[in-house]
Amino acid sequence: MSDPFEGEVTVRRQRFANLENGFAVLDADCDGAPVVLVGPLGHLESGERAHVTGVWVTDPRYGEQVKVAQADPLPPDDRDALISYLRRIRNIGEARAQRLIERYGTGHVLEAIDAEPAAAFRQAGLNPFRAQEAAVSWNELRTLRRLHMLLAPHGLAYLARRISEQYPSTAHRVITENPYELTRVFGVGFRVADRIARAGATSVESIPGRVGAALVYALAEAEGRSGSTCLPVGQLLSAARDLLGELPDEDQITTLIDDGVLVRDGDFIYRTPTWELEQELAERVLAMLEEADTPMSRRAANVTPSGGQGGLELTAEQEAAVRAALRFRLSVVTGGPGTGKTATIRAIAGLAQSRRAGVLLVAPTGRAARRMTEASGLEARTIHSALGWIPGEAPEHDEDDPLACDLLIVDESSMADLELMVTLLRAVAAQTHVVLVGDCDQLAPVGAGKPFADLIGAGVVPTTRLNHIFRQAAGSMIIQGAHAIRRGETPEFRPAEGMRQDLFLMERTDAREALALIVALVTERLPAHYGIDPVSEIQVFAPVYRGELGIDALNSALRDALNPHGPPVGAGRLRIGDKLMMTGRNLHEKGLMNGTVLYLEDELAGSDGEQAALLLRSDEQLFRMAPEEAESLRLGYACSVHRGQGIELPVALIVAHEQAGAFFLRREMLYTAVTRAKLATVIVGSRALVARAARTPDTDRRHSRLGELLSVRR
């Protein structure tokens, strides 16, 4: 057990701070002795005093530190501390701070300023205009401190600055009168916001807006966790009951609908912005299907798809896909591994270019775009890059400034969620053709909706299903196993005559034995057998983060085996040489998306007062990443299938074990993971779990009504 720490400290220097999550590393003094503090300390600045509780820990690089659980700001208690505090006010330097203390006294200066800020600052020698600026600054500073005091007991002090920026004049009232607003703007969980609300209420019934906040939060959680765009009324009420402790009245939903917060469509309830997106996508799709007369469709009247395509021999299915792409403004191509989707893309693009049409190739992720470029010979871009779009901001291309192309081909379309698909189609010019290519049996998108699968299921968009498995692919057990999983069947792990053995099952019941086997396979056995790099050419997939064989445990064990002596950086969370993955956010300006694999090359020393930065590599590109951005990085030796959906590499290792969240391993997840590898896929776990996953589809858990909208309106 680590020794506890509790005491009053004075902050001397801020080494590092992340304003997004409040994590900071501070140098401080406690009873005259230096101490390093790490934890939720972003609300403390140099010169501030705070009451700190935590535990002593030993960092391998930085030595003894206090891992802070809570840090409550304290008022300045001496002249130096007061001067340091007052200097944080705009227009107040050291001389004016001293003048204020001399005028009002050490024990009363803060109260005097609170009573009449502008008048007090006039006494310090400021003219009326600058005194008013100082008064505004003072109010911001005091508001921030009051927010800290309200939020710190709940571990949310790091949100104080963000809340004050969002609500510059009403921040304190938001927290005290409507803390549920935090769930909408700042990603705070309902139970935390509810705890804040309960702390200031006489009873649960006296808290205004509590039930409504639970209903809205339940819908937002359904979008983020299960990808549902809406929920049936009964399921929504049940989810809200889990948050509230009692079943809410359905009249509460009606009230929110009347207020425009929610929308009811039949038996389903939406958040209004999500309903509007789903309606818009349906309208755009139907409008494209009605527009049949375009320059490209007229030129496609006498198309011979198999001719003039650089020697490509197309199947009848592929020829049908090419004709549909040139004939219809919107068409879909879907098929499993080995069915020729890439060859079809080349044929469509080549034929369009031979008729002098402008072609643009895009994909949801940078990795998928690079694969598209390599396979087609044409440059492909990410959807975000092509649109000039950073989520949260307006894209460069939309209805008023559409993409400059006659034909837009979108690969890996199954990864596009509702918002991405709508934003892309808004930027499609009036007579541009769009071809959506993907595998409808793969995992649904991380975000809300499943537009690619819904477009196919509705039966209104011209769709070509590629079913023929080409001879080279047909000899692979990975390909055959993947198609078996698509049908809900258990894949075969014994090679038939003439089959290439590239799919393996290694059964282990004991979790510790399974972990030891995984580490041995990744670090020694697979690299030796296939002549590959254990870090960059093998990826481990698991369904969940927690547990003896969860992603976190796997990452820890694999890092200790593959990078045991890497020098620690920052607060010691990462090591130079680590394999990392972007999680939780995108850095579009750097081309780094959620799920991007990176390698930590070095830590760059700061200069001219700047903080140190990380040097990272991705596919031979180097990136400099600021410390606050690095909080989005986590170990990437093992990852979820959702995070690795765009990955394709030599070897994949899949954990299918009871101690790895086997309940969450379902057909689409298993199918997607199996098809990530080019050389070999190894499953560690049990045959029974593999069989259960293959039998259990996940699609029933994701609610979306796009398909129904299209079918009814068509």
Which residues share a salt bridge (Lys or Arg N to Asp or Glu O under 4.0 Å) with Glu396, sequence neighbours left out: none
Nearest atoms (heavy-atom pairs only) where Arg122 meets Ala131: CD-CB, 3.8 Å
Under 3.5 Å side-chain donor-acceptor pair for Glu6 and His51: yes
Side-chain donor/acceptor of Ser618 to backbone N/O of Leu598, under 3.5 Å: no
Contact check, side chains of Arg99 and Gln123, non-hydrogen atoms, under 4.5 Å: no
Sequence neighbours excluded, every pair satisfying side-chain hydrogen bond (donor to acceptor under 3.5 Å, both in side chains) that has a member inside residues 28-37: Arg12-Asp29
Asn563 side chain to Arg575 side chain, donor-acceptor N/O pair below 3.5 angstrom: no
Any side-chain heavy-atom pair of Gln252 and Leu256 under 4.5 Å: no
Pair listing, salt bridge (Lys or Arg N to Asp or Glu O under 4.0 Å) test, anchored in residues 243-255, at least two apart: Glu250-Arg264
Expected output: side-chain Thr183 to main-chain Tyr180 donor-acceptor under 3.5 Å: yes
Carboxylate-amine/guanidinium proximity below 4.0 Å for Arg617 and Glu601: yes
Heavy-atom closest contact (Ala135 atom, Pro117 atom, distance): CB-CB, 3.7 Å
Parallel, tilted or perpendicular, as decided by the 30° and 60° cut-offs, for the rings of Phe121 and Trp138: perpendicular
Exercise: identify the closest heavy-atom pair between Thr229 and Tyr270: O-CD2, 3.2 Å
Arg88/Glu48 under side chain to side chain contact (heavy atoms under 4.5 Å, CB included): CA gap, chis, key distance, verdict: CA-CA 11 Å; Arg88 294 164 60 188; Glu48 275 202 88; 3.3 Å; yes
Worked verdict on Phe5 versus Thr53 for side chain to side chain contact (heavy atoms under 4.5 Å, CB included): CA-CA 6 Å; Phe5 175 92; Thr53 57; over 6 Å; no
Smallest separation among heavy atoms of Ile551 and Cys639, with atom names: CD1-C, 3.6 Å
Nearest-0.5 Å distance, CZ of residue Arg130 to CD1 of residue Ile92: 8.5 Å
From Ile89 atom CD1 to Leu100 atom CG, the distance as rounded to the nearest 0.5 Å: 7.5 Å
Any donor-acceptor N/O pair, Asp398 side chain to Asp401 backbone, under 3.5 Å: yes
Stepwise side chain to side chain contact (heavy atoms under 4.5 Å, CB included) test for Leu110 and Leu86: CA-CA 9 Å; Leu110 300 183; Leu86 293 171; 4.2 Å; yes
Nearest-0.5 Å distance that lies between atom CG in Leu614 and atom CD in Glu603: 6.0 Å
Nearest-0.5 Å distance that lies between atom CG in Leu633 and atom CE in Met582: 6.0 Å
Mutual orientation of the aromatic rings belonging to His384 and Trp389 [parallel < 30°, tilted 30-60°, perpendicular > 60°]: parallel
Atom CZ of Arg79 with >12 non-hydrogen neighbours under 6.0 angstrom: yes
Contact check, side chains of Val38 and Val68, non-hydrogen atoms, under 4.5 Å: no
Under 3.5 Å: donor-acceptor pair, side chain of Ser226, backbone of Ala222: yes
Distance, nearest 0.5 Å, that separates CG of Leu237 from CG of Leu244: 10.0 Å
Within-4.5 Å side-chain heavy-atom neighbours: Leu635 and Leu580: yes
With Thr255, the side chain to side chain contact (heavy atoms under 4.5 Å, CB included) member among Asp259, Ile253, Asp258: Asp259
Worked check of side chain to side chain contact (heavy atoms under 4.5 Å, CB included) between Glu221 and Leu243: CA-CA 11 Å; Glu221 280 289 280; Leu243 297 169; over 6 Å; no
Donor-acceptor under 3.5 Å (Asn555 side chain, Tyr637 main chain): yes
Where Pro179 and Ala197 come nearest, the two heavy atoms and their spacing: CG-CB, 3.5 Å
Rounded distance (nearest 0.5 Å) linking atom CZ of Phe623 with atom CG of Leu616: 8.5 Å
Check: Glu419 side chain, Gly449 main-chain N or O, donor-acceptor pair, under 3.5 Å: no
